Amino acid sequence: MIGLQAYLVLAALVFAIGLFGVLTRRNAVGILLGIELMLNAVNINLVAFARFNGDLAGVVFTLFTISITVAEVAVGLAIVIAIFRVRRTVEADRLNLLRG
Amino acid sequence: MSAFILELGLAVVALLVFGASLGARGSDRRWIAWLATGGVLVLGIVSMFVAPTRPALGGMFVQDGLAIFAKRLFLTATFIGLLAGISREGAACGRRAGEYHLLILSSLLGMLVLASARDLILLFVAFELMSIPLYVLAGFLKREDVAVEAALKFFLVGSVSSAVMVYGLSFVYGAAGTTDLARVAQTFTRGQPLLTLGLLAVFAGFAFKIAAFPFHMWVPDTYEAASTPFVAWLSVAPKAAGFVALFRVYFEGMGERAAAWVPIAAGLATITIVAGNLMALPQQNTKRLLAYSGIAHIGYMLVGFAAASASGTAMVLFYLVAYVFGNMGAFLVVEAVARSEGSEATAALRGLAQRSPLLALAMLLFLLSLGGIPFVAGFWAKLYVFWAAASAGLYWLVLVGAVLTVVALFYYLVVAKRMYIEPPASAGRIQLSRSLALAVILCALGVVALGVYPKPVVMAALRVAAPLF
Amino acid sequence: MAVGPLTLPILSVITWLPFVGALLIMFTARHRPRAVRWIAVVTTGISTLLSIYAYATYNHEAAGFQFYEKVPLVPPLGISYELGVDGISLLMVLLTSIIISAGVFASWTVAVRSQEFYALLLALVTGVYGVFASLDLFVLFLFYELAVLPMYLLIGIWGSTGDVRPRGIFAWAYRETGVGTKEYAAMKLTLYLLFGSAFILVGIFALYVSAGAASFSFLELEAAVFPLGLQRWVFLAFYVGFGILAGIWPLHTWSPDGHASAPTAVSMLHAGVLMKLGAYGVVRVGMGLLPEGAADLVWLVGGIACINIVYGALSAMAQTDLKYVIAYSSVSHMGIVMLGAATLTEAGLNGSVFQMFAHGVMTGLFFALVGLVYEKAHSREIGKMGGFGNAMPGIATAFTIGSLSSLGLPATAGFVAELLTFLGTWRSGHRWWLFPAVAGTFLTAIYVLRVAKQIFWGPPSPQFQHLEDARGPEWVALVVLVLVLVLFGMAPGLAIAPVDTATVPLLARIVGP
Amino acid sequence: MTLPTRLPLLVLLLPFAAFVVLAVVAPLRRAGARAGLLSIAAMSVAFMAALVAWVEGFRGEATWSWIPSDGGPIATVGVLVDPLSNAMLVLVTLVSLLVQVYSLAYLGDEPPASLGRYYTYQSLFAFSMLGLVLSPGFLQMFVFWELVGLCSYLLIGYWYQRPAAARAAVKAFWITKLGDVGFVIGIVLLWSATGTFDFGELFARAQEHALAIDGLGTIMFLIYLGAVGKSAQFPLHVWLPDAMEGPTPVSALIHAATMVTAGVFMVTRAQPLFALVPDVLILIGWVGAFTALLAATMACVESDIKRVLAYSTVSQLGYMMAAAGAGAADAGFLHLLTHGLFKALLFLAAGAVIHAVGTNDIFRMGGLFRAMPQTGIVFIVGTLALAGVPPLAGFFSKEAVLSGVWEAHLTVPFLMLALTVLLTAFYMFRVVFITFFGRAFEAGHPHEAPWLMRGPLWLLAALTVAVGIRLAVGGGEHEAPGWLVPLSLASAFVGFALAWAMYQRGLVDPATFSTALAPFDFLARRRYGIDALYAGLYRALVLGFARLIGWIDRYLVDGVLNVLSALTLRAGAGLRGIQSGRAQDYVYGVAFGVLLLFVWAQLWR
Amino acid sequence: MTLETVGFGVVAALLLASSLAVVLTPNLFHSVLYLAAALVLTGVVFLLLEQPFLFAVQLLLYAGGVVTIVVFAIMLTERLVGDRIGQASRHPINGAIVAAAVFAGIVGFLIQAPVRATAPAPAGDTTAALGRALVGPFAVTLELLGVLLVAALLGAVYFARSEE
């Protein structure tokens, strides 16, 4: 039997990898992918907990997070498109008109 | 059903606006804005008569004193924000008026639910419902390069934060074995690693929402770029919601164990006050300046939060009320000047006292309130927060806060100097639209009334905060 | 003490009348400069008359706080609007009246935005009156803030920019802070004083909480017993908080810059009355409520006061700008005030209060004169002036009398104050304080006479051809101040008799009967 | 209150009334001569009253509360009437009156407004001096002590547009104030120890030996310091010669006859207290004698007629103090009175000369006796009195002083004083010979002064002689060693002869003589470097220190504050740098925040 | 070492590998494909945790939906700019350090937690229970989610559509 710890560590790793992606990708879409990974880690966590708690709430929670994640990605990509229209780039580092 | 009356009412208003926007023609759609504003006003009035009910949905949704207090605050802030946004030129009243107001209303719905949520899932959904429309609204001026840039930053930081938050929620759920916050609170003791980890991560998410240092970084950029009436609202309403959620998650039902959060909250308060105030010093753009000063104010509220007591909570609530009027007012004056001068720099305020004495006086009142000067609301807010912290033995925190207040006064006075001491760059009064003027007046009245007679609000705050502990 | 139904709430009238004047000016007298001035004259004039009346009718036998008024404001928190004056505050109220009535006349020639100027000035005066008359610490604090804040605009708008060259190892810092400009001075003054007020607030709350959080009333807190440890640090908080306003070293540097940059009436009011607020706060609130704490810490208060006296005098000597000389002399003289209080003797404390009064009038006179000289000569550089006595004999005479009071010459109020303080020091626990104090008066003689000589004596300077003496309303200010200075110098009993009724019980609390 | 106190009070209040009227009623003051007449009228009535009080030998005391306190007044004011004060009253009112009359003519050319100012000051001075004389206690004495100092300052600076006068006035104030610092500390200490300023009470306690205070010696020494300043004793004598920048009548009144003797008066008045501290008395004696000698040497080389007289005044004040120090306060006081008469005479006469010639330099005068014989005669009368030639007033008082000092076994001071007798005769006759005899100077046509000036001169001369004769007739009972009179007469004669030989006959060349005494000459001409020393100390110590403190205040104390402010501003500007504008850096912020929370929570576990 | 352990090991390794590929590969398209792989593998993890329904949801809604949207977005932006979008990494070392630190921070808590190795027996068909829960206690939450999706859609459309 695989322990809960293993799932949690796996999720933590995926979360960290996602964070790394968010921090290092130059392309805004790439950053979004990193966020996806982070949220995905959350799902692993939730399902693992649901399984080990023997509780349904975690599964419900997962359903909600999945839906919300999709919504978030949709909005994020729309913003990327809008920004691309105006600025002709999706490289996040170039978007620094506002600072200080 | 009576527990949901405000939420349902809001849904009705949103549907009305939706329907109206379908049938709207022409580029001047101020009437949609008026519709939304009126709806919110009605809801605000209704909220004044709402009484606490028993928890609904098996304890997921509570309409207690705190929730009602918070909802009144959200509705008031939203009303002022919508009112101020009504203008012929603004994007909010153009062809996209329907979208704009629907987004605001759905975000508001998120806040209302958030204030009542006592279930992790509901909390998260409400939190996201509040947040996602804000990303869109931040970039609502989508043909302005800075606006979309700000929206992207807001979105990126926001989604990472909510990822962290929901990651934390997963641990909270996992460790407590339930999504019911009341039971989480019963389970919580110091030294439960998973629950602690979860609550910390959730704290990070809230810290992003209320813009505590170092989660604040989206704030100045977003404030600078987004349309000012929206920013005025953004700077107060979601933050208030964030604090209410903080109280729900970290205090409600915790009792003595809430003291576990004191070091973290106090530390976060300290760095937030210091950083916010210092970074506000060199700002030349009034909105940016107000953004940083707002961060510092969050720090002061965290001081009250750090007290981890009923009085501390109540004082934060009072602070929020004072902050709603003071901060929104300041932003709205900036909007008024910007509409006339086309600039949001502090330099645009030069000689305002000689051009529009009353507008300058209003701005001065807001600044004094933000600076914590007697006879205006902010004074009591700071005083009470410090008092609560001192009662909790956090004298050092009070000292830090008080000293940094002097730094804060520096930049507020610099703005006052622009208005009162420097000669005007151009002559002529600043023209205000009626709705904006009304919004400014409401804020000024609020600031003064709370400054002269804070007692009712303080008492109400104390009353609603008491059951949390 | 009960207020009958038909009794005039005299202190409230005194306090709020200027505020009413300010409102009248703001809302009725737009763009009518003469009306503005007359409103100011009338409102402050009535306040002055009433304070003279109160002063004359104060019952010395009964002593204690009289003209008592009390209206509960926030009953659950124990905040009430509670006014009353004893001998000390009565004298301070009188001083405020004298200075503001002189100040109104002295700023007759303010041309720019005079409506706002007078309104702010009057609002500020209400704050000052309020502090002196309040018996509720919280309300006192509110008045205190009201007295400080208008200063920012008053200096910022109507002030003058001096010539301070950034030099020395910290030159970079001066360039960044913009030293010398009026904005700098206004900002420094306001922030410094608000910084101090933070300490005051903390102190007030500490007392309030420690006494059971029932009342902010001075009288009720006076009856409470505070533990010694608390007394010590709260006294320290009050000392620093109020002391900043009283110009204690090394927290005094706002004062020279502020006073030098401020317009005439504001300097008069600030150096003349507001600095007294600080000293009054230390004596009334600090020593009055924390007798043991005060007794424990007088060594500090007195020691710093001695530094103030000598240091201020020497600094004044080093200045080349006339206003700075006067401002530093205030720092020095406030040292006498604090020293007298620190002696914890009847003579010393009487001297301290008397010096508050004497210095208030004297420095008010000085700043009025400096304002006149500046207005006519358009220069504050002492080195460039000379021989003005011929063209402006009246101003020269008044300046001389002010100088004499400043150096403690008998028959002026300054002498009595200094003498009493000296008498107190040798009987206090710290005898050596006498020597710096006396040395300070000698140094004062040096710099004050040097300045008087440089400006008014000697051959007329060729670059100042068309100088005029004071005129019309300006005379009123000068004559009133000079007369008061001499009158109270010759008949000190006028002031000391009521003051004594307040200082003796105060001392009895601190050092025992 | 009875006549014995009421009359002196009248004497006191009359000049005060004149002062107030002149100060307040500007038109009258600006009228000049008319203001003078008012002042003179008040003065003459006061003089009459003083005369009555003196002749009647009034005694009495009346006091009123001045500074109240809980247990009775801390300080009182009032009048103390006794022979001492009566005599001073007469002297002060008399000389004041004469000087004021004299000034009418002497300052007749002044603008009316200035003249009015002059008389205002004069009235104030008379009031102050009388108040000092009548003081029943140390505090009141100090009050008027300072007020006379003020008048001195104002009157020295009468011609305030002359830089020299302005300088001299301020210098006089500072130096005397320096002494007063001691005085005030002294009376503060005395009050702290005894609880009273009152002479009567203090003397009574001293009589009953109930005044055993620790450090009474120090206290009395400090009080004496006041007298050192006011009465121009070494080392604070430097201001008096400079004070000659004031109008000559002022010099006569304030800087010869009245104010400068206040110190002597005070020591005399407080004799019962000083008697308790013999060490201080001896010091007073020594300082007095030394001052007398020092000033006399400086007078010998001075060429400004007024300054010669000023040094002479310093010297004579030294006599008086020496007498007081020797316990012969009566003798000192007698010398005070006689000196007041003849020194005023000398100054006024010198004023007449200056008025006539238009210069102070004796070497630009000469043969004036022929042009103004009356002035010459009175000047010589004064000179004889000062040199101590019988039967003029000065002779007897000086003998009394000398014998007092001898009897107190102050041998060295006595020798110094004796030598001073010789020098006094020498420098006075030097002036007489150079000014009134010898070759007439070309420039100008000197003429006799108007009657308004000559009248007071003659009156004073007559009084000098009359008092002398009165003393010769009635004062013989004083016990003195038999050799004293011949000695002092011989000394005076040697001085006279020397002056005659050098300046009249030319038998001895002054230049050779001064070469012979080169070191003394060198030092005396430079005032022994004392003025320079003070100036140096003032510049180097006081001003230097002030500059240092001023610098410290501006650039350190305030500097630290500004540095803090600037650092805060810089910190703001620096911190703002983390707001780079790049979205991912903001995410770093979130990551760091999370880490911070984790670490924090682990630490606070 | 049971089969389950081996299965978990393999799935975990693949998941981590594909996740790393998502954040490291320079080609954006490849990134998206790797993401799809990672999401599917997550679904497999759900299977391991005996949640077949969630596996389905993951596959359809998540992997399908997200990847489709992303691909659309890339196409759209590429079409607009006219050339391929590459992507490089910025400050990978810093990013790695911070990510590792966060991971360490999480693990720091995890290792303190008591090990919970035994899971309760699977509760049979969870799907029906899930459905009941969604229309039961979580009905309001679900409705709120609906509002959220509408709002997000509104926002996305607002941005995405090119204005007249």
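Chain A is the first sequence line, chain B the second, and so forth, proteins listed ahead of strands; every chain is numbered from 1. If you're wondering where the values come from, they're calculated on a predicted model, not measured in any experiment.
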To the nearest 0.5 Å, atom CG of B/Leu152 lies from atom CD1 of A/Ile79 at 6.5 Å

dist B/Asp145:CG -> A/Arg88:CZ (nearest 0.5 Å) comes out at 13.5 Å

The interface call for A/Val86 against chain B, heavy-atom contacts under 4.5 Å, is side chain

| task | Apply the test side chain to side chain contact (heavy atoms under 4.5 Å, CB included) to residues B/Val166 and A/Phe64: give CA-CA distance (whole Å), side-chain angles for both, the deciding distance (0.1 Å), then the verdict. | result | CA-CA 11 Å; B/Val166 68; A/Phe64 280 108; over 6 Å; no

* Going through the checks in order, is the side chain to side chain contact (heavy atoms under 4.5 Å, CB included) test met by B/Phe124 and A/Thr65? -> CA-CA 9 Å; B/Phe124 178 61; A/Thr65 42; 3.7 Å; yes

Ranked by heavy-atom pairs below 4.5 Å to chain A, first place among B/Val164, B/Asp119, B/Leu120 goes to B/Val164

What one should report as the nearest heavy-atom pair of A/Val42 and B/Ala163 is CG2-O, 3.8 Å

Under 4.5 Å to a heavy atom of chain A? For B/Phe171 that would be both

When rounded to the nearest 0.5 Å, the distance separating OG of B/Ser162 from CD of A/Glu72 is 4.0 Å

Whatever's closer than 4.5 Å to a heavy atom in chain A on B/Glu128 counts as side chain

Discussion item. Would you say that more than 12 heavy atoms from the other residues, nucleotides or ligands in this model lie under 6.0 Å from the CZ of B/Arg183, or not?
Written reply: no

Turns out that what part of B/Ala150 lies under 4.5 Å from chain A's heavy atoms comes down to both

Of B/Lys153, B/Met217, B/Arg288, B/Glu149, the largest count of non-hydrogen pairs under 4.5 angstrom with chain A goes to B/Glu149

Heavy atoms of B/Gly174 and A/Asn53 approach each other most closely as O-ND2, 3.2 Å

Under 4.5 Å to a heavy atom of chain B? For A/Ala78 that would be neither

State, with a plain yes or no, whether a side-chain heavy atom of B/Val148 is found less than 4.5 Å away from one of A/Arg85. no

Between the OG atom in B/Ser170 and the CG atom in A/Asn43, the distance rounded to the nearest 0.5 Å is 9.0 Å

One should read off an interatomic distance between A/Leu63 CG and B/Ile121 CD1, to the nearest 0.5 angstrom, of 9.0 Å

Counting heavy-atom pairs under 4.5 angstrom with chain A, the leader among B/Val160, B/Thr222, B/Asn285 is B/Val160

Chain B shares the most heavy-atom pairs under 4.5 Å, among A/Leu8, A/Asn96, A/Val60, with A/Asn96

Whatever's closer than 4.5 Å to a heavy atom in chain B on A/Ala12 counts as both

- Output yes when a side-chain donor or acceptor of B/Glu224 lies under 3.5 Å from a complementary backbone atom of A/Leu98, and no otherwise. no

If one checks every heavy atom of A/Phe61 against chain B at 4.5 Å, the contacting part turns out to be both

Ranked by heavy-atom pairs below 4.5 Å to chain B, first place among A/Leu39, A/Val22, A/Ile68 goes to A/Ile68

Do B/Tyr173 and A/Asn45 have side-chain atoms, one donor and one acceptor, less than 3.5 Å apart? no

Any side-chain heavy atom of B/Thr178 sitting closer than 4.5 Å to one from A/Asp55? no

Evaluate the side-chain proximity of B/Pro220 to A/Arg99: yes if any heavy-atom separation is below 4.5 Å, no if none is. no

*Taking the six-membered ring for Trp, are A/Phe15 and B/Tyr167 ring centroids under 6.0 Å apart?*
yes

Whatever's closer than 4.5 Å to a heavy atom in chain A on B/Gln283 counts as side chain

Can you check whether A/Ile31 reaches B/Leu156 side chain to side chain, under 4.5 Å on heavy atoms?
-> yes

Interface check, chain B: of A/Ala82, A/Gly58, A/Gly34, most non-hydrogen pairs under 4.5 Å belong to A/Gly58

The interface call for A/Leu46 against chain B, heavy-atom contacts under 4.5 Å, is both

